[in-house]
Amino acid sequence: MVVQEAAARLYEAERSKESIQPLTETYPGISVDDAYHTQLELIRRKVEDGAIIVGKKIGATSKAIQNMFGVEQPDYGHLLNDMMHVEGEVISLENFIQPKVEFEIAFKLKKDLKGPNVTVMDVIEATDYIAPAIEIIDSRIGDWKIAFEDTVADNGSSAAAVIGGKPTSLDGIDLAHIGMVAYKNGEMIDSGAGAAVLGSPLRSVAWLANSLGKYDVSLKAGEIILSGALTGALEAADQDTFTAEFDHIGSISVTFKR
């Protein structure tokens with residue numbers, strides 16, 4: 001009952017752009033397992049309404065994000081076709097409730113990955129290419145007042161993603177030490193490296209495959225995988241332009257308008 005009700009509440013909040021109270025307050029006994037089943041039910045409803053699953057995202061992989069939202073472990077969510085944007089597209093803030101941006105490395109898979117026992121070498125062999133990405137996160141929970149179960153149920157607080165246009169082979173790239181500098185409206189605001197993401201984005205993708213395996217969900221060939229934020233999340237407002245410049249794999253930018 002909790003799973004069905006919680007999924008319905010989240011779906012309506014997203015459609016109406018009106019946030020709801022934390023699920024952990026409405027359903028005090030909600031467990032992490034309940035939360036993941038709520039996410040799966042939410043995605044099932046969206047697919048039933050015509051959405052297509054095109055990838056997965058990993059959240060709360062860095063200490064910066066965990067500290068920001070008061071969580072202590074990574075989570076994950078699904079990427080749907082109506083969440084995806086191309087670089088250079090101006091994105092309307094009307095699509096969101098309280099959006100923030102995160103800078104990440106995206107993986108395009110050429111082989112399926114399904115846990116348990118997926119290794120970093122398996123991830124390397126399954127990767128077609130990597131590219132710079134910006135994830136737009138949003139919470140259907142009011143004022144980002146989230147516990148871990150809230151963000152898990154809410155599809156990992158995911159809302160949209162922008163994938164850069166420079167696909168790059170993994171050959172010769174040390175993802176743990178890849179550097180990134182972030183800019184807001186032309187001003188440098190943060191920097192990070194791949195090691196912030198569970199030690200390496202490769203380890204992050206392996207963790208995701210193994211975690212999803214518990215729910216009989218696999219990462220599929222052709223899917224995009226967002227491997228986690230290299231820095232903290234930044235609030236997005238009208239006329240803001242965010243740019244991230246990554247060593248070796250290029251840059252990506254996004255502009256928001258009301």
Side-chain angles (χ1 to χ4, degrees), residues 3 6-7 9-11 13-14 19-20 22-24 30-47 51 53-85 95-107 115 133-141 144-163 196-198 201 204-215 217-219 223-234 236:
V3 167
R9 289 169 62 83
L10 288 167
Y11 202 1
E14 184 173 347
S19 60
I20 60 175
L23 298 176
T24 46
I30 190 171
S31 67
V32 172
D33 201 47
D34 291 334
Y36 277 121
H37 282 293
T38 297
Q39 179 186 138
L40 292 173
E41 172 62 17
L42 175 64
I43 297 303
R44 187 196 67 77
R45 291 178 183 223
K46 291 186 174 187
V47 169
I53 297 171
V54 297
K56 313 289 192 307
K57 57 91 34 135
I58 308 159
T61 51
S62 71
K63 286 298 180 186
I65 293 294
Q66 290 179 8
N67 292 339
M68 176 175 285
F69 296 117
V71 299
E72 298 178 348
Q73 58 183 304
D75 62 12
Y76 52 79
H78 290 70
L79 300 177
L80 305 174
N81 62 319
D82 57 3
M83 297 167 64
M84 308 305 287
H85 298 267
N95 296 333
F96 313 104
I97 300 173
Q98 44 195 346
K100 300 176 186 287
V101 297
E102 296 179 344
F103 310 108
E104 313 193 13
I105 295 171
F107 287 67
I134 292 176
E135 183 183 4
I136 302 164
I137 61 172
D138 195 14
S139 183
R140 276 55 69 169
I141 308 298
W144 282 97
K145 190 180 175 184
I146 55 173
F148 185 70
E149 293 83 358
D150 293 301
T151 189
V152 165
D154 191 19
N155 195 30
S157 300
S158 194
V162 185
I163 308 300
V197 183
L198 297 184
S204 183
V205 175
W207 174 88
L208 176 64
N210 290 324
S211 297
L212 284 169
K214 300 171 189 174
Y215 297 92
V217 177
S218 63
L219 309 183
E223 287 190 339
I224 293 288
I225 309 300
L226 297 183
S227 60
L230 275 64
T231 61
L234 302 168

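Source: prediction; values computed, not measured.
At a threshold of 4.5 Å between non-hydrogen side-chain atoms, the residues Asp33 and Tyr215 count as touching. The shortest side-chain heavy-atom distance between Val217 and Lys56 falls under the 4.5 Å cut-off. Proximity of Trp144 to Ile137: side-chain heavy atoms (C-beta onward) are separated by under 4.5 Å at one or more points. Between Glu104 and Ile134 the shortest side-chain heavy-atom distance does not fall below 4.5 Å. Side-chain contact between Glu223 and Val54 is absent, with no heavy-atom pair separated by less than 4.5 Å. Counting heavy atoms from C-beta on, the side chains of Ile146 and Ser139 come closer than 4.5 Å.
Annotation: the span from Lys145 atom NZ to Ile20 atom CD1 amounts to 13.0 Å, rounded to 0.5 Å. Taken from OG1 in Thr38 to CZ in Arg9, the straight-line distance is 11.5 Å, to the nearest 0.5 Å. To the nearest 0.5 Å, the span separating CD1 on Ile136 from NZ on Lys100 amounts to 13.5 Å. Within the model, atoms CG of Leu234 and CZ of Phe103 stand 5.0 Å from one another, a figure rounded to the nearest 0.5 Å. With rounding to the nearest 0.5 angstrom, the NE2 atom of His78 is 4.5 Å from the CD1 atom of Ile53. Distance check: Asp34 CG to Glu149 CD gives 9.0 Å after rounding to the nearest 0.5 Å.
When every heavy atom of Ile225 is checked against every heavy atom of Leu219, the shortest pair comes out as CD1-CD2, 3.9 Å. Taking both residues in full, the closest heavy atoms of Ala153 and Leu23 are given as CB-CD1, 3.6 Å, listed atom of the first, atom of the second, then distance. Taking all atoms of both residues into account, the shortest heavy-atom contact from Ala159 to Arg140 is CB-NH1, 4.0 Å. Nearest heavy-atom pair across Asn210 and Gly115 is OD1-CA, 3.5 Å. Of all heavy-atom pairs between Ala161 and Leu226, the closest is CB-CD1, 3.9 Å. Between Pro99 and Asp138, the shortest heavy-atom contact is N-OD1, 3.7 Å.
Judged by distance alone, the side chains of Ser19 and Gln98 never bring a donor and an acceptor atom under 3.5 Å apart. Using a 3.5 Å distance cut-off with no hydrogens or angles, the side chains of Ser158 and Asn155 do not pair a donor with an acceptor.
Between Glu14 and Lys46 there is a salt bridge, since a side-chain N of the basic residue sits under 4.0 Å from a carboxylate O of the acidic one.
In this pair, Tyr36 and Tyr76 present their aromatic rings parallel. The plane angle is below 30°, not in the 30 to 60° band.
With hydrogens and angles disregarded, a donor-acceptor distance shorter than 3.5 Å links the side chain of Asp150 to the backbone of Thr24. Side-chain atoms of Asp75 never come within 3.5 Å of backbone atoms of Gly156 as a donor-acceptor pair (strictly under, hydrogens ignored). No donor-acceptor pair under 3.5 Å is formed between the side chain of Glu135 and the backbone N or O of Glu102. Here the side chain of Ser227 pairs a donor or acceptor atom with the backbone of Ile105 at under 3.5 angstrom.
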